[in-house]
Amino acid sequence: MTSGSNRTVSSVSNALSLDLSFRRADFALEAAGAFPARGVHAIIGPSGGGKTTLLRLIAGLERPQGGRLVVNGRTWVDVQKGVFLPARKRATGVVFQDYALFEHMTVAANIGYGVARRSRRAAVARWLTRLDLEGLAARLPGELSGGQRQRTALARALATNPDVLLLDEPLSAIDAHLRRRLRARLADVLGTMDIPVFMVSHDIDDVRALADWIGVMVAGRLVRAGRRDDVFDTPGEVEVARVLGWPNLLEVGVLAGDRIAGRWGGLAVEGEPPLDTAWIGFKPEHLHLHSRSGQGIAARVRAIAEEGLIRRVTLAVGGGGTLVAHRPADVPTPAPGSRVWLSVAPRHLRFMGEGRVLPGAASPTCETPRLGKTA
Amino acid sequence: MTSGSNRTVSSVSNALSLDLSFRRADFALEAAGAFPARGVHAIIGPSGGGKTTLLRLIAGLERPQGGRLVVNGRTWVDVQKGVFLPARKRATGVVFQDYALFEHMTVAANIGYGVARRSRRAAVARWLTRLDLEGLAARLPGELSGGQRQRTALARALATNPDVLLLDEPLSAIDAHLRRRLRARLADVLGTMDIPVFMVSHDIDDVRALADWIGVMVAGRLVRAGRRDDVFDTPGEVEVARVLGWPNLLEVGVLAGDRIAGRWGGLAVEGEPPLDTAWIGFKPEHLHLHSRSGQGIAARVRAIAEEGLIRRVTLAVGGGGTLVAHRPADVPTPAPGSRVWLSVAPRHLRFMGEGRVLPGAASPTCETPRLGKTA
Amino acid sequence: MTAPPGALDLAPLWLSFRLAGVTLGVLLAIALPLAWWLAWTRWRGKVVIETLVALPMVLPPTVLGFYLLVVMGPEGALGRVWRALTGSTLTFTFAGLVIASCVYSLPFVVQPLIAAFKRLDRRSVEASCTLGAPWWRTFALIVVPGIRGGILVAAVQGFAHTLGEFGVVLMVGGNIPGATRVVSIAIFEHVETLNYEAAGGLSLVLVAISFALLMATFVIGGERARRVPA
Amino acid sequence: MTAPPGALDLAPLWLSFRLAGVTLGVLLAIALPLAWWLAWTRWRGKVVIETLVALPMVLPPTVLGFYLLVVMGPEGALGRVWRALTGSTLTFTFAGLVIASCVYSLPFVVQPLIAAFKRLDRRSVEASCTLGAPWWRTFALIVVPGIRGGILVAAVQGFAHTLGEFGVVLMVGGNIPGATRVVSIAIFEHVETLNYEAAGGLSLVLVAISFALLMATFVIGGERARRVPA
Amino acid sequence: AVSVAVASNFLTPLKAIAKGFEAKTGIAVKISSGSTGSLYAQIAHGAPYDVFLAADAREPKRLEKDGRGVAGTRFTYALGKLALWGRMNEDPRTALLQGARGRLGNNFRLAVANPKTAPYGAAAMAVIKSLGLSPKHLVRGENIAQTFQFVWSGNAEMGFVALSQVAGVKLPGRIWTVSPKMYPPIRQQGILLHEDKDARAFLAYLKTDAAPVIAKYGYGREEP
Ligand SMILES: Nc1ncnc2c1ncn2[C@@H]1O[C@H](COP(=O)(O)OP(=O)(O)OP(=O)(O)O)[C@@H](O)[C@H]1O
Ligand SMILES: Nc1ncnc2c1ncn2[C@@H]1O[C@H](COP(=O)(O)OP(=O)(O)OP(=O)(O)O)[C@@H](O)[C@H]1O
Ligand code: MOO
Ligand SMILES: [Mg+2]
Ligand SMILES: [Mg+2]
């Protein structure tokens with residue numbers, strides 16, 4: 001929300017385009033896309049999906065077996081032509097998942113490492129301040145706490161003014177309090193940059209706050225890429241919905257006209273669902289509870305949890321499944337144990353493919369952003 | 001929410017009691033408390049506050065300069081008497097912030113390391129399954145992704161059936177999807193354990209889902225300890241509220257009768273605020289917006305963000321401050337730029353001390369839990 | 001001289017490898033704890049020990065051998081203790097050679113071990129402790145694999161250097177066929193008596209065997225971290 | 001022998017330290033890239049190189065010196081090349097000593113460096129690359145500090161061992177006062193002529209200076225990672 | 001069995017002698033060789049040798065004086081003969097004299113044994129002095145074997161070696177057997193280290209039966 005909202009389109013051409021394939025032991029990665037000069041691309045996906053590997057490919061730390069990578073019109077990789085620009089010639093700023101700080105250098109020396117000598121002093125001072133590291137300039141990384149280490153890594157990568165910024169979970173070890181401030185600062189920083197930013201993150205709040213675009217990597221494939229809100233709204237593949245934390249995913253068993261059904265019961269949908277539908281899903285806030293029968297699927301209230309303004313209701317449906325509803329805290333909610341009936345407005349139902357199984361999903365659903373985002 | 005709710009009181013005596021002081025360079029730690037045999041104690045606080053150090057003190061990896069540590073009636077540390085049980089004789093399970101996996105051993109060997117030979121096979125198989133590591137048993141840690149590494153560390157610590165479990169951000173590198181499942185499993189596992197669990201975490205959701213108690217460490221001091229919901233509801237010190245991510249904290253300037261005021265305006269409170277009050281705070285869902293004047297503090301709507309069922313409204317108040325309100329998404333909200341007036345029901349206002357400054361807070365507000373929690 | 005003329009007498013070769021093997025074993029047993037202590041202690045006097053350990057290197061082997069001869073001789077401090085304990089003399093025996101070789105090769109074994117211990121990841125040792133492992137288990141399963149590279153260098157240096165050493169061995173051992181006449185002395189003797197062919201032949205055998213042995217060590221030791229299965 | 005009888009002739013001492021210093025410099029220049037390559041290459045033949053580097057250790061120094069004398073002599077391969085390049089002979093000169101010492105001490109310098117390179121944290125090198133550092137900057141600021149322990153061991157071994165070495169040096173150098181008469185030869189000579197007092201005196205001076213030097217090295221090198229300020 | 005410690009220059013003839021002795025008496029001979037100086041140091045520190053055959057008279061004398069050798073058993077078993085070996089085809093003596101007048105290049109090297117440690121070296125130095133040569137062309141071998149190696153490998157054009165090393169061997173260049181008058185006699189002395197029947201028998205054999213072998217290897221005998 002914070003970042004990107006006031007940006008103007010700076011260029012229609014793409015700053016970075018890639019189409020790479022990479023293999024290692026029993027893991028294979030295929031990724032393709034073109035990315036504008038501005039914007040934060042969150043890369044999300046399950047553990048081991050290849051997010052870090054993708055960043056390493058862009059940084060030049062892994063050598064792909066095939067494909068091309070072009071940044072600002074310059075070819076960084078072209079396997080067929082034998083082009084492979086070494087990491088140090090690629091102006092990438094990288095924050096590693098495990099920091100990789102220079103343990104024998106002070107925090108200040110770490111931050112200034114990639115900066116030209118004449119501007120080093122100023123850059124170090126600026127980044128120490130921006131990332132709340134002032135008092136620690138003379139410390140060695142071994143004398144820092146986990147969060148302090150990560151902030152140092154962040155400062156070090158940002159201080160070089162890179163052409164592409166690669167962040168592997170930049171905020172994961174930072175506590176809630178600081179995270180909020182760092183997130184805002186990061187957003188400010190990224191907002192002043194005319195470069196694409198790729199950020200691996202596990203935190204949906206970070207993605208919401210920082211990302212303009214989302215790419216979802218599952219088992220080495222970019223199964224979905226698109227504007228953040230589009231991906232949030234319409235995951236497309238069930239794997240994507242899982243990554244986004246959608247709790248309500250139902251496998252589609254029977255498919256007849258405008259009605260779909262599974263072991264959980266049946267639901268009416270708007271129009272006919274696409275033929276490759278394997279799952280339906282919806283957000284918890286779109287699940288309505290009725291106390292009278294005849295309206296949708298029968299369920300029993302299992303548990304209720306208060307989370308601030310929201311009440312999280314866990315519901316048991318037929319076939320052993322569980323659904324989750326969010327309800328405003330000020331609306332009366334049936335007590336645990338009560339019997340309720342569930343419905344979802346058809347416009348909130350999302351059809352999804354079985355990412356990994358359907359042949360249609362074998363090539364990534366790569367609805368690649370081609371324009372800078374407007375306000 | 002998931003864990004602990006159905007627990008019964010197993011013992012009235014404390015399983016672990018500590019009162020330790022520790023110094024290193026320009027950092028000093030003082031912590032005291034007594035903890036029952038059951039329950040998950042979340043330790044939260046800003047980066048560098050000493051959370052990891054506290055766990056290391058309990059594990060026997062740091063030697064305190066003073067104090068005692070007694071676990072299940074056995075004295076692990078008594079500095080005055082010269083008692084210091086070495087780490088390997090303390091039955092602690094530790095998940096390190098940076099994993100500290102045995103890089104030359106397979107995942108299976110890592111997990112089985114602390115288990116007696118006869119039960120090793122079974123334990124390894126069980127923990128591989130419980131933490132979704134089945135296919136990776138024969139891999140080396142160097143061939144794992146970040147999340148896979150952390151799950152291996154978790155399995156290794158849990159496999160030893162320790163007397164005290166120490167988790168330093170056990171879920172921080174795990175993605176949202178998996179995290180939800182792991183959290184639930186962790187809750188199940190912890191639910192079957194008759195031991196105190198100390199978990200450092202940055203994630204308020206983890207704390208909400210897993211912890212029964214919360215201890216807040218700031219600058220080496222346990223500034224607040226209590227039942228989770230009590231701490232969430234009444235932080236007590238402004239530092240604690242910050243750690244919990246409360247966005248609305250106002251410094252109290254004028255204190256007269258039942259009215260308090262600052263640069264942001266004035267508010268009526270219930271009764272007289274305590275004399276050591278330095279701040280007031282309230283949750284965003286308790287901030288009410290009015291479109292007519294005369295009701296509370298004047299403000300201007302700065303930004304509105306949709307977050308599912310919630311609308312997050314950022315408001316500029318007098319004196320350059322910012323407040324945040326959460327509003328249900330289905331209630332009309334004044335457009336950005338509009339002028340509004342803010343109020344908080346007096347019962348939702350929380351008075352807070354200036355943790356670090358007031359002499360009264362110098363000894364930690366350690367309202368230590370003395371009883372197992374009942375449903 | 002029991003070997004027929006022309007044929008190579010290989011007994012010294014066997015003696016050398018036995019000496020190098022025994023010496024390496026003794027040295028590792030001494031050097032591992034010593035290096036561990038030197039790497040971790042915060043005692044300020046430890047540089048003195050470090051320096052003392054390194055000192056045998058700077059003396060010419062024959063000279064070092066001379067002083068060892070004095071100390072280990074029947075009137076020397078060590079020699080007298082040894083005689084009191086075992087009833088026999090120490091110089092000109094295999095045991096004496098082992099002791100002398102240990103003194104001479106100690107720095108080459110201790111130093112790489114210290115470096116390796118210093119670089120050992122302390123956290124994995126801590127993890128092992130918290131998992132309840134007794135010190136010997138931590139040492140065998142975590143520490144030793146963690147310093148594999150250092151042990152490899154120490155072993156290669158300790159073994160090869162003892163093989164090639166002859167100044168000390170000549171002095172303390174006295175070139176007694178079958179007992180202290182190791183291959184380095186035999187080759188040296190061939191060179192001294194202008195029997196270059198025999199020297200070349202024996203050198204070639206020594207180099208060939210050492211080559212095979214060292215290469216095997218490097219192949220095995222140089223492998224990527226071995227998998228320790230459950 | 002210009003020294004008055006009774007007084008110690010210290011010229012060989014100075015020559016030895018000069019030889020050890022120059023040799024160490026040359027060796028580091030050779031061994032750093034060699035060890036780097038051996039540590040990282042995936043070429044399968046590398047164990048052969050590793051083994052070859054270690055081999056000089058197994059030969060008795062005098063024997064090694066004998067073969068070096070042949071190779072570096074006016075009819076030897078190396079000697080001929082050297083003469084073609086410089087017009088002078090290689091044996092019995094300081095330059096010749098340096099070359100011979102390098103061959104002899106190479107394994108003691110290369111091996112700890114290989115071990116150190118293998119343990120170098122690859123990620124910090126990667127981080128340096130992504131920060132745009134050219135290879136020499138990465139090498140000087142990240143790699144070298146990262147293998148400090150290994151360099152320390154390599155330097156101590158290379159230096160001390162060259163100081164103490166005398167078999168090779170004697171063979172190739174010809175014991176020429178002022179040019180190739182190093183301290184180890186001088187001490188050895190005293191022992192051989194039963195002049196034990198002079199041998200003891202010179203040894204003592206050598207050991208004392210070496211002690212001071214090594215101790216200083218350990219004190220400086222053994223410090224906790226030095227802070228590199230911005 | 002008899003254990004003999006022998007200076008390395010006499011090792012080869014000793015092996016032949018030992019064979020003859022073993023054949024005649026059936027007593028085995030165990031030989032340990034080394035430099036005279038180290039052997040002396042070892043004997044002084046309890047080395048288990050029965051007989052010591054040095055390259056010199058100095059060490060046996062000292063042993064006799066210290067009581068470590070059996071008094072009255074010391075004798076000269078061989079007289080070393082000095083030879084000048086030059087790799088050129090000129091007469092080495094002529095060439096050496098030219099060298100003395102500075103007609104040989106700067107790279108000219110004359111190898112001698114270390115006069116301090118080897119009697120052959122002392123002998124060579126006496127010859128050099130009498131010829132008036134400058135010491136700047138000298139390279140020193142630690143012992144006579146090393147001196148030989150310097151010339152053999154071509155690193156020195158000439159060298160004063162032991163006649164025993166070059167007699168009857170096919171070598172490049174020419175040899176001048178230096179007149180014994182030009183240098184003090186090189187007395188290689190032996191001594192019995194402790195009373196032993198076999199050892200005495202060996203010494204007796206060395207004095208008498210071994211004479212032809214000793215001569216064959218290029219050593220002289222001291223006229224009694
Ligand atoms: N050095 C390595 N050798 C072999 N396999 C590896 C190596 N590093 C990673 N892998 C494997 O490659 C795959 C992709 O790993 P990657 O680190 O890119 O995942 P990730 O998406 O970043 O996961 P996480 O969110 O857990 O960090 C995984 O299956 C992992 O086990
Ligand atoms: N090895 C060390 N040497 C010196 N100081 C250290 C060392 N490790 C930690 N510190 C300092 O001790 C303090 C407490 O560190 P600790 O690791 O306990 O913090 P933490 O609360 O765990 O922080 P985080 O949430 O960032 O992990 C910090 O100021 C840190 O800089
Ligand atoms: O045989 Mo000697 O004593 O080395 O010249
Ligand atoms: Mg990763
Ligand atoms: Mg920590």
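Letters A, B, ... mirror the listed sequences (proteins, then strands); counts begin at 1. Not measured: the values here are computed from a predicted model.
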CH2 (Trp135(C)) with more than 12 external heavy atoms under 6.0 Å: no

Closest contact, heavy atoms only, Ala127(C) versus Ala100(B): CB-O, 3.8 Å

Other residues, nucleotides, ligands: >12 heavy atoms within 6.0 Å of Trp14(C) CH2: no

Heavy-atom side-chain proximity of Arg88(B) to Leu131(C) below 4.5 angstrom: no

Chi angles and distances behind the side-chain contact (heavy atoms from CB on, under 4.5 Å) call for Glu103(B), Asp121(C): CA-CA 10 Å; Glu103(B) 300 289 336; Asp121(C) 183 10; over 6 Å; no

Side-chain donor/acceptor of His104(B) to backbone N/O of Leu141(C), under 3.5 Å: yes

More than 12 heavy atoms of other groups within 6.0 Å of Glu134(B) CD: yes

Atom pair OG1 (Thr130(C)) and CZ (Phe96(B)), whose distance is rounded to the nearest 0.5 Å: 4.5 Å

Chain C contact via Thr92(B) - side chain, backbone, both or neither, heavy atoms under 4.5 Å: both

Which atoms of Arg122(C) approach chain B - backbone, side chain, both or neither, heavy atom under 4.5 Å: neither

Part of Arg156(B) lying under 4.5 Å from any heavy atom of chain C: both

Heavy-atom pair of closest approach, residues Ser128(C) and Tyr113(B): OG-OH, 2.6 Å

